[in-house]
Amino acid sequence: MKISVAKIQTWCNDNVSPVAWQRVVLKVLPELKGQSYELSDLLNPSQDLSLDDSSLELFGKAIFELYQTEMTPEFVFA
């Protein structure tokens with residue numbers, strides 16, 4: 001299943017803080033090394049940029065580690 005990066009960014013901005021997304025991206029970027037994700041693409045994602053299941057899991061883990069909260073599946077998967 002592919003999930004839109006822009007949806008996750010919106011969720012972070014709305015439910016955590018306006019700067020949460022930048023921190024999350026910087027935390028997961030080293031683990032995404034070797035994949036086709038670039039820093040600039042993740043910081044300002046287009047609507048068609050999506051994550052696979054393993055990358056989504058990395059983002060979810062980073063959000064939890066940084067903010068002790070979890071993404072709501074209803075929002076992310078809607």
Side-chain angles (χ1 to χ4, degrees):
M1 173 179 277
K2 299 277 187 174
I3 303 300
S4 168
V5 176
K7 278 188 165 189
I8 301 170
Q9 179 189 32
T10 299
W11 183 89
C12 282
N13 290 341
D14 293 347
N15 295 284
V16 182
S17 83
V19 295
W21 181 244
Q22 288 86 353
R23 289 187 67 202
V24 170
V25 167
L26 292 175
K27 182 160 181 63
V28 300
L29 196 61
E31 296 181 59
L32 293 175
K33 193 172 188 171
Q35 296 184 26
S36 61
Y37 302 108
E38 297 290 332
L39 177 62
S40 60
D41 295 334
L42 291 172
L43 288 176
N44 298 302
S46 65
Q47 291 298 321
D48 61 338
L49 182 63
S50 60
L51 299 172
D52 58 24
D53 289 339
S54 63
S55 297
L56 177 63
E57 188 176 317
L58 288 174
F59 277 86
K61 182 179 173 185
I63 290 168
F64 186 78
E65 288 176 6
L66 291 168
Y67 299 105
Q68 290 71 52
T69 191
E70 294 181 357
M71 289 185 284
T72 53
E74 308 82 51
F75 178 84
V76 176
F77 296 113

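One-based numbering along the sequence shown.
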remark   = Output for pair (Glu38 CD, Leu29 CG), nearest 0.5 Å, gives 8.5 Å

task = Would you check if the side chain of Gln9 reaches a backbone N or O of Leu43 as a donor-acceptor pair within less than 3.5 Å?
result = yes

key: Separation between OH of Tyr67 and OG of Ser17, rounded to the nearest 0.5 Å   = 4.5 Å

query = Counting only heavy atoms not in Gln47, do more than 12 fall under 6.0 Å of its CD?
reply = no

message = Thr10 vs Asn13, test: side chain to side chain donor-acceptor pair (under 3.5 Å). Steps then yes/no.
response = CA-CA 5 Å; Thr10 299; Asn13 290 341; 5.7 Å; no

ask   = Roughly how far, to the nearest 0.5 Å, is the CG atom of Leu56 from the OG atom of Ser50?
value = 10.5 Å

ask   = Should Ile63 and Trp11 count as side-chain neighbours, where that means a heavy-atom distance under 4.5 Å?
value = yes

inquiry  = Restricting to non-hydrogen atoms, name the atom on Ser46 and the atom on Ala6 that form the minimum distance, rounded to 0.1 Å.
reply    = O-CB, 4.2 Å

query = Do Phe59 and Val5 touch side chain to side chain, with heavy atoms closer than 4.5 Å?
reply = no

ask   = Should the heavy atoms of other residues, nucleotides or ligands under 6.0 Å from CD of Gln35 be counted, would the total exceed 12?
value = yes

key: Heavy-atom pair of closest approach, residues Leu58 and Val28   = O-CG1, 3.6 Å

ask   = Is the shortest heavy-atom distance from the side chain of Trp21 to the side chain of Ile8 under 4.5 Å?
value = yes

message = If you define the side chain from C-beta out and look only at heavy atoms, does anything of Val16 sit under 4.5 Å from Val24?
response = no

task = Give a yes or no on this: more than 12 heavy atoms of other residues, nucleotides or ligands lie within 6.0 Å of atom CD of Gln22.
result = yes

message = Within this structure, what is the CD-OH distance for the pair Glu31 and Tyr37, rounded to the nearest 0.5 Å?
response = 13.0 Å

request  = Please tell me if the side chains of Leu39 and Leu26 come closer than 4.5 Å, counting only heavy atoms from C-beta onward.
outcome  = yes

request  = Check whether any side-chain heavy atom of Asn15 sits under 4.5 Å from a side-chain heavy atom of Thr69, and report yes or no.
outcome  = no

